[in-house]
Amino acid sequence: MDELPRVVLVTGAASGIGRGVAESFAANGDRVVVADISAEAAEEVAAGLGAEWVAVDISDADAVEAAVRDVHDRVGEVDVLVNNAGLTAGGGQLVELDVAVFDACFRVNLRGTFLMTRAVGARMAERGRGAIVNITSIGARQPTPGLGHYEASKAAVEALTRSAAIELAPRGIRVNAVAPGPVRTPMTAGLTADAAARSAWEQRIPLARIAEVDDVVPAVVFLASPQARHITGASLPVDGGQLLG
């Protein structure tokens, strides 16, 4: 894991946090694979980074296995997996929430993270090394009305992170999570564009601002690095202190 370039596979890397993570690893000299459900978006971002790309629906088991094989054949074995792809799929009080919204959220956020961890983690285990970083949310520990389905999915990913960490540690693989608070991304555009809503949320944050993507990326890069070699099963909040409230 100490030698560069590593092969770094980032899901949901065509925008938001995933794109920022991919850019940072590429700038560090790693061989980045931009993975996204949109082939067009993945190819465009990869071209700008001089990186590789793969289109994959992470909620589809067969598609995940095919994509990981493709990356192996074209680029090499994955040294770092960043499970970033996720969605809210909508919102609403739990007693009124459309079941399809709940299912879509869990299908991508939890099932997708599991499928990618299973496919890539199995290959890492054969080699006896690797690092996995999952993007969760402080919502896993601090509820916000109307986002219960999303927060439950992220709490499940945190549990999955700990289980994978303890199972894969004997194989030389570390598994950690980064848990952001709200971040300015396309997924939160509605919140950040509404001055009143943004101000109300920022009042919950001791550091008094919603994070930028660049605030989150260094935590991901660190947890994947040799400097974090004795850290596994951890979830690092990047929330401006919001969990203190």
Within the structure provided, determine whether [X] and [Y] are in side-chain contact (heavy-atom separation under 4.5 Å).
{"X": "Pro182", "Y": "Gln242", "answer": "yes"}
{"X": "Leu115", "Y": "Ile58", "answer": "no"}
{"X": "Val213", "Y": "Val183", "answer": "yes"}
{"X": "Ile135", "Y": "Val220", "answer": "yes"}
{"X": "Gln142", "Y": "Asp239", "answer": "no"}
{"X": "Val71", "Y": "Val78", "answer": "yes"}
{"X": "Val33", "Y": "Trp53", "answer": "no"}
{"X": "Arg31", "Y": "Phe25", "answer": "no"}

### Query
Counting only N and O atoms by type, is there a donor-acceptor contact under 3.5 Å from the side chain of Ser38 to the main-chain atoms of Ala41?
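Yes.
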### Query
Is a side-chain donor or acceptor of Asp30 paired with a backbone partner of Val32 at a separation under 3.5 angstrom?
no
### Message
Using the rule side chain to side chain donor-acceptor pair (under 3.5 Å), only one of Thr113, Thr232, Asn134 pairs with Thr161; which is it?
### Response
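Exactly one candidate clears the test, Asn134.
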Heavy-atom closest pair, residues [X] and [Y]:
{"X": "Asn109", "Y": "Ser153", "answer": "ND2-OG, 3.0 Å"}
{"X": "Ala51", "Y": "Val34", "answer": "CB-CG2, 4.4 Å"}
{"X": "Ala104", "Y": "Ala89", "answer": "CB-CB, 4.0 Å"}
{"X": "Ala131", "Y": "Ile173", "answer": "N-CG2, 4.5 Å"}
{"X": "Val178", "Y": "Val133", "answer": "CG2-CG1, 4.1 Å"}
{"X": "Ala22", "Y": "Ala13", "answer": "CB-CB, 4.3 Å"}

Rounded to the nearest 0.5 Å, what separates atom [atom1] in [X] from atom [atom2] in [Y]?
{"X": "Glu65", "Y": "Asp70", "atom1": "CD", "atom2": "CG", "result": "13.0 Å"}
{"X": "Thr11", "Y": "Asn84", "atom1": "OG1", "atom2": "CG", "result": "5.5 Å"}
{"X": "Glu43", "Y": "Asp36", "atom1": "CD", "atom2": "CG", "result": "12.5 Å"}
{"X": "Arg174", "Y": "His230", "atom1": "CZ", "atom2": "NE2", "result": "11.0 Å"}
{"X": "Thr136", "Y": "Asn83", "atom1": "OG1", "atom2": "CG", "result": "11.0 Å"}
{"X": "Leu9", "Y": "Leu81", "atom1": "CG", "atom2": "CG", "result": "5.5 Å"}

Who passes salt bridge (charged side-chain N to carboxylate O under 4.0 Å, His left out) against [X], sequence neighbours left out?
{"X": "Arg162", "value": "none"}
{"X": "Glu77", "value": "Arg123"}
{"X": "Glu52", "value": "Arg74"}
{"X": "Glu23", "value": "Arg19"}

Those residues that, when tested against [X], pass side chain to side chain contact (heavy atoms under 4.5 Å, CB included) (two or more places apart):
{"X": "Ala234", "value": "Asn176, Ile231"}
{"X": "Arg107", "value": "Ser59, Arg111"}
{"X": "Asp103", "value": "Val99"}

Going by the salt bridge (Lys or Arg N to Asp or Glu O under 4.0 Å) test, which pairs reach into [range], not counting sequence neighbours?
{"range": "residues 130-141", "result": "Arg141-Glu158"}
{"range": "residues 210-226", "result": "Arg184-Glu212, Arg209-Asp215"}
{"range": "residues 86-101", "result": "none"}

### Task
Count the heavy atoms belonging to other residues, nucleotides or ligands that lie under 6.0 Å from CZ of Arg229, then report whether that count exceeds 12.
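Check fails, neighbour count at 12 or below.
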### Query
Is the number of heavy atoms from other residues, nucleotides or ligands within 6.0 Å of CG (Leu244) greater than 12?
yes
### Task
Under the side-chain contact (heavy atoms from CB on, under 4.5 Å) rule, what do Ile17 and Val21 come out as? Steps first, then yes or no, please.
CA-CA 6 Å; Ile17 294 172; Val21 168; 4.0 Å; yes
### Message
Between Met124 and Ile132, does the side-chain contact (heavy atoms from CB on, under 4.5 Å) criterion hold? Intermediate values first, please.
### Response
CA-CA 10 Å; Met124 288 178 171; Ile132 299 172; 4.0 Å; yes
### Query
Should Val7 and Val80 be marked as a side-chain contact (heavy atoms from CB on, under 4.5 Å) after you check the CA-CA gap, both sets of side-chain angles, and the distance that decides it?
CA-CA 6 Å; Val7 175; Val80 176; over 6 Å; no
### Phe222 with Val175, same ILVMFWY side-chain cluster at under 4.5 Å
no
### Query
Under a single-linkage definition using a 4.5 Å side-chain heavy-atom cutoff for Ile, Leu, Val, Met, Phe, Trp and Tyr, are Leu87 and Leu147 assigned to the same hydrophobic cluster?
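Different hydrophobic clusters.
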### Query
Side-chain donor-acceptor pair under 3.5 Å between Gln227 and Ser225, yes or no?
yes
### Message
Quick test of your reading: applying ring pair (Phe, Tyr, Trp, His ring centres under 6.0 Å), list the pairs with at least one residue in residues 75-113, sequence neighbours left out, ordered by first then second residue.
### Response
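Listed once each, the pairs are Phe102-Phe106.
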### Message
Can you pull out every ring pair (Phe, Tyr, Trp, His ring centres under 6.0 Å) where at least one residue sits in residues 108-159? Sequence neighbours excluded, please.
### Response
none
### Task
Would you check, one step at a time, whether the test salt bridge (Lys or Arg N to Asp or Glu O under 4.0 Å) holds for Arg127 with Asp79?
CA-CA 10 Å; Arg127 299 163 62 213; Asp79 298 297; 2.9 Å; yes
